[in-house]
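Order of appearance sets the numbers: ligands from 1, and atoms from 1 within every ligand.
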Amino acid sequence: MKSIDKVTVIGGGTMGNGIAHVFALSGFDVTLVETTQELAENAINKIDKNLSRMVNKEKITEKDKVESLERINTSLDPAEASKDSDLIVEAVPENFELKKKIFRSVDEAAPKDAILASNTSSISITRLAAITNRPERFIGMHFFNPVPVMKLVEVVNGLETESEVTRSVEETAKKLGKVPVPVQDSPGFVSNRVLMPMINEAIFCVYEGVGSPEQVDEVMKLGMAHPMGPLRLADFIGLDVCLDILNVLYDGFRDSKYRPCPLLVQMVDAGKLGDKTGSGFYDYD
Ligand code: CAA
């Protein structure tokens with residue numbers, strides 16, 4: 001089984017910086033790839049802030065934080081950064097053409113036995129794997145936001161993923177203190193196939209005037225013990241991301257039960273995407 005020591009994380013946004021954070025904190029050497037020096041610095045600052053939060057809560061020591069940050073290098077070149085990596089985790093925006101460009105160059109540059117993984121929440125792992133010359137060493141490694149907190153890594157096997165690669169990624173996830181759950185590639189995998197219809201139904205409740213966002217969320221928080229109500233969670237995930245995933249489910253299964261609520265489409269059209277734009281079902285500072 002392939003042992004993983006050096007990891008390249010491509011993309012330093014919300015998911016990417018969280019993924020780099022957990023790898024570095026667990027002792028892996030990490031190269032974090034961004035498109036500009038400024039974005040790379042922003043990602044490191046975010047990791048610094050989230051590690052400080054853990055120091056303040058006495059979950060880790062100041063020494064752990066300093067050593068973790070020392071284990072992270074940054075790069076602006078995905079191919080160069082993958083040259084001596086054991087595992088490459090891609091966490092760039094959900095755009096197939098962008099991912100295709102990155103995986104083509106990374107596949108050429110990375111060692112032949114390196115594992116290529118995508119953190120995609122909506123694009124088929126089998127389709128991404130087919131971009132490369134190593135579909136048997138390609139896998140989904142789906143983390144959840146906030147990455148330092150959420151225990152799950154959904155390990156998504158493409159049609160050709162070798163079982164040795166699955167085992168290696170599961171072992172790596174365990175070293176991060178996560179719980180890997182292997183599933184087969186299918187639209188939305190398991191996580192979003194179950195989560196997104198619930199969020200969509202909550203939006204339909206608002207759309208049809210059954211309840212306000214606050215009322216719908218209170219029902220789910222107090223009655224079902226959800227840490228966040230589905231509409232607060234939709235804002236947290238990003239309404240554009242929710243819409244993309246629902247469209248993947250709708251197109252993938254050709255089943256009307258996955259049709260996105262018109263209110264969700266309108267909110268995305270209006271640029272009200274949730275936390276990241278300052279407004280969605282709720283307003284944020
Ligand atoms: N880094 C490190 N620690 C963090 C953190 C971060 N980014 N964000 C929160 N935390 C820690 C806090 O320090 C706190 O730690 P303690 O328990 O030791 O005090 C803990 O997490 C809880 O945080 P808060 O007290 O600030 O806030 P909270 O109790 O309201 O919890 C939450 C916040 C963890 C986000 C919680 O509301 C929650 O679990 N929400 C649901 C999140 C969820 O469902 N995520 C999955 C989204 S789907 C996805 O990501 C994938 C996809 O494909 C769409």
Legend entry - salt_bridge(Glu170, Arg167) N-O dist < 4.0 Å: no

Legend entry - salt bridge (Lys or Arg N to Asp or Glu O under 4.0 Å) partner of Arg232, the single match among Asp275, Asp283, Asp217: Asp275

Using a 3.5 Å cut-off on N/O to N/O, what pairs does ligand 1 make with the protein? A line per pair would be great.
| from | atom 1 | to | atom 2 | distance (Å) |
| --- | --- | --- | --- | --- |
| ligand 1 | 7 (N) | Asn50 | OD1 | 3.4 |
| ligand 1 | 18 (O) | Lys59 | NZ | 2.8 |
| ligand 1 | 19 (O) | Lys57 | NZ | 2.8 |
| ligand 1 | 45 (N) | Asn145 | O | 2.8 |
| ligand 1 | 50 (O) | Asn145 | N | 2.9 |
| ligand 1 | 53 (O) | His142 | NE2 | 2.8 |
| ligand 1 | 53 (O) | Asn192 | ND2 | 2.9 |

Legend entry - Lys2 with Asp86: basic N within carboxylate O range, under 4.0 Å: yes

Legend entry - Residue pairs fulfilling side-chain hydrogen bond (donor to acceptor under 3.5 Å, both in side chains) with at least one residue in residues 144-157, sequence neighbours excluded: His142-Glu154, Glu154-Ser191, Asn157-Thr166

Legend entry - Test: Asp240 and Lys276 ion pair at under 4.0 Å: yes

Inset, instruction - Verify the ring-centre separation between Tyr258 and Tyr250: is it less than 6.0 angstrom? - result: no

